[in-house]
Amino acid sequence: METPTLETIDILDPDLYVQRGYPQAEWTLLRREAPVFWYERPNVNPFWAVTKHTDIVAVSRQPELFRSSQLLFVAISQPGASASDEAILLQLLNMNPPEHGSYRSLVNRRFTPRAVQQLTTRVEQIAAEVLDSVANREECDFVTEVSAKLPLAVIAEMFGIPRADWALMFRLSNAMIGAADPEYGGEQTIRENLERARLKFFHYFTQLIDDRRKTRRDDLSSDLANGQVNAGPLPQFELLSYFALLIVAGNETTRNATTGGLDAFVKHPDQWQRLKRDPSLVPSAVEEILRWTSPVIHFARTATADTELRGTKIHAGDVLALFYPSANRDEEVFEQPFRFDIGRTPNPHLAFGIGEHYCLGANLARLELLAMFRQLAERLDSVELAGPATRMRSSFVGGIKHMPIRYQMRPRPHASHGALTETATMAARFK
Ligand code: HEM
């Protein structure tokens, strides 16, 4: 491969992400030579690529100066795609203070450390059942059969979505986050793929909202359906968007951290043995997995006034893209950033972002990863890749779609059969 130069590097083409994974060499070059880089290419609306940890923190912590907008992410333009400013979704991620805070407080109480901790037993149970479902085999697709299942089950239960509809949630959230990927999104333009998935989601959630307005339950659907901002119910578009965000946000991301985490262990067997020997390392291993995998590639912000970042002049209206995986390999913050070290402390990674839009689901994602890796360390006696992993076509959220593995897994002592049955749902627990 050619040595990247500032003139030729490509950090946006989703096909490159499919072929080569994250462009770490390019980001390293940017951090070293042009940490706030005006990225101008023929098929791209130019933007500032921000790749250093300190700068991403600074931008994220000034939500008035660097606002979130409809433009959540930057992308190469597709032939035939129409550039429209019309919002596909209107929810937390593209809101700003003070509106953002009032919307966030509608569901916040279900995502606090305390609230999430109460889900521990159930999350551990689901993780165990997911592993049971592949335990008596020697090969599986780790993504579709393991890592995708836990976050989907957990969020679906929190919403009180019936088991029979989880597959639909899985398909639609894949289609939204992987709108540029033919397997997930479809064959049309990103915009059209998004639009189609959104309409299906909206149709489903409209019925759910009606139901919870008639019969309130102790679940996220009811909180949102009956929630109030500015002394009234949420406008329907914002409400439906909020449902879609919460279902979509935690799926591909947590899934990818789980898959990428196992992949990291396969490639660093010394760390795997270390974890198996000393399970007290699971919490720091999870943080290292988050840093290592950094499932969200970037989010965009728009400057509201002329300003400076690292001495570089930014003009009002300029778009900035914050590349979190690059911040998480920043040599000025992490010692030996390209070393996967499950004992790394401190580990101030930015996998969940920072500031105003800091990931609402961070506690939940951590709980899911803790449950999964604790049990994998306990039960997985050996593991290797059984074929190449397939990556999602996206430069916005990193995803591994399939990862065949060959393994030996111990059965769970006293395993209750009937993986992911509906009987003990969290929704039922909430009642
Ligand atoms: C490993 C898993 C996850 C990763 C890496 C991740 C990453 C992120 C990132 C980078 C942001 C944007 C932060 C910013 O702009 O400063 C974000 C926002 C958000 N995440 Fe997550 N996330 C994960 C899991 C989840 C889960 C499980 C949920 C919920 C069920 C969730 C819900 C959200 C929501 C609602 C926002 C928007 C917050 C706001 O705008 O105020 N995420 N996440």
Side-chain angles (χ1 to χ4, degrees), residues 50 56-63 66-69 71-73 89-108 110-112 115-116 119 123 147-148 150-159 161 169 173 177 220 224 238 241-261 286-302 320-328 349-373 396-400 426:
V50 183
I56 293 183
V57 172
V59 170
S60 306
R61 290 221 160 115
Q62 300 177 78
F66 299 106
R67 283 170 77 82
S68 296
S69 72
L71 190 87
L72 279 182
F73 58 95
L89 294 173
L90 202 53
Q91 29 72 344
L92 294 183
L93 277 168
N94 45 24
M95 285 179 176
N96 290 289
E99 194 188 28
H100 172 256
S102 21
Y103 271 75
R104 192 158 159 139
S105 62
L106 288 170
V107 295
N108 206 30
R110 296 218 185 250
F111 293 94
T112 60
V116 165
L119 305 176
V123 170
S147 55
L150 179 62
L152 180 73
V154 172
I155 197 71
E157 288 198 352
M158 289 177 80
F159 267 97
I161 293 175
M169 295 298 115
S173 62
I177 211 89
L220 264 171
L224 282 173
E238 280 84 331
S241 302
Y242 211 144
F243 272 81
L245 168 70
L246 288 178
I247 298 285
V248 171
N251 266 322
E252 186 65 48
T253 46
T254 316
R255 180 196 312 173
N256 193 35
T258 310
T259 312
V286 163
E287 295 310 307
E288 183 66 344
I289 287 168
L290 286 161
R291 181 187 80 87
W292 191 255
T293 57
S294 290
V296 174
I297 300 170
H298 76 270
F299 268 116
R301 301 285 194 271
T302 307
L320 300 90
L322 315 178
F323 286 93
Y324 303 108
S326 172
N328 287 344
H349 65 78
L350 298 182
F352 293 121
I354 194 161
E356 180 78 13
H357 292 275
Y358 179 74
C359 176
L360 177 76
N363 298 315
L364 186 62
R366 284 190 163 111
L367 176 65
E368 292 170 5
L369 292 167
L370 281 170
M372 186 52 86
F373 280 96
F396 169 43
V397 173
I400 301 177
M426 271 191 252

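For this chain, numbers begin at 1 and follow the sequence in order. Indexing begins at 1, ligand by ligand and atom by atom, following the structure's order. Note that the structure is a prediction, hence the values are computed from the model and not measured.
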To the closest 0.5 Å, what do you measure between [atom1] ([X]) and [atom2] ([Y])?
| X | Y | atom1 | atom2 | answer |
| --- | --- | --- | --- | --- |
| Y324 | S326 | OH | OG | 12.5 Å |
| E287 | L369 | CD | CG | 9.0 Å |
| N94 | R67 | CG | CZ | 11.0 Å |
| L92 | E99 | CG | CD | 10.0 Å |

Closer than 4.0 Å to some heavy atom of [X] - which atoms of ligand 1 meet that?
| X | value |
| --- | --- |
| I354 | 16 (O) |
| L93 | 37 (C), 40 (O) |
| R104 | 38 (C), 39 (C), 41 (O) |
| L246 | 30 (C), 35 (C) |
| Y324 | 10 (C), 14 (C), 15 (O), 16 (O) |
| H100 | 39 (C), 40 (O), 41 (O) |
| G353 | 10 (C), 13 (C), 16 (O) |

Counting heavy atoms only, which of [options] comes nearest to [atom]?
| atom | options | value |
| --- | --- | --- |
| atom 42 (N) of ligand 1 | C359, G261, G250 | C359 |
| atom 30 (C) of ligand 1 | V107, I155, N94, I247 | I155 |
| atom 40 (O) of ligand 1 | H357, R110, E252 | H357 |

Anything under 30° is parallel, anything over 60° is perpendicular, the rest tilted; go ahead and classify [X] against [Y].
| X | Y | answer |
| --- | --- | --- |
| F243 | F159 | tilted |
| H298 | F323 | tilted |
| H357 | H100 | tilted |

How close does the nearest protein non-hydrogen atom get to [atom], and which residue and atom is it?
| atom | result |
| --- | --- |
| atom 10 (C) of ligand 1 | A351 O, 3.4 Å |
| atom 24 (C) of ligand 1 | T253 OG1, 3.5 Å |
| atom 12 (C) of ligand 1 | F299 CE1, 3.3 Å |
| atom 36 (C) of ligand 1 | L360 N, 4.0 Å |
| atom 33 (C) of ligand 1 | A249 CB, 3.7 Å |
| atom 35 (C) of ligand 1 | L245 CD2, 3.5 Å |
| atom 6 (C) of ligand 1 | F352 CD2, 3.6 Å |
| atom 1 (C) of ligand 1 | L290 CD2, 3.6 Å |

Is [X] in contact with ligand 1, taking contact as a heavy-atom separation below 4.0 Å?
| X | answer |
| --- | --- |
| E368 | no |
| P295 | yes |
| G355 | no |

Check: [X] side chain, [Y] main-chain N or O, donor-acceptor pair, under 3.5 Å:
| X | Y | result |
| --- | --- | --- |
| N328 | H349 | no |
| Q62 | A58 | yes |
| Y242 | Y103 | yes |

> Pick one: which of N256, T259, T258 meets side-chain hydrogen bond (donor to acceptor under 3.5 Å, both in side chains) with S147?
Replying inline: T259
> Do the non-hydrogen side-chain atoms of R301 and V50 ever get within less than 4.5 Å of each other?
Replying inline: no
>> I'd like to check L224 versus L246 (side-chain heavy atoms, cut-off strictly below 4.5 Å). Are they in contact?
In response: yes
> Has ligand 1 got any nitrogen or oxygen that is less than 3.5 angstrom from a nitrogen or oxygen of R301?
Replying inline: yes
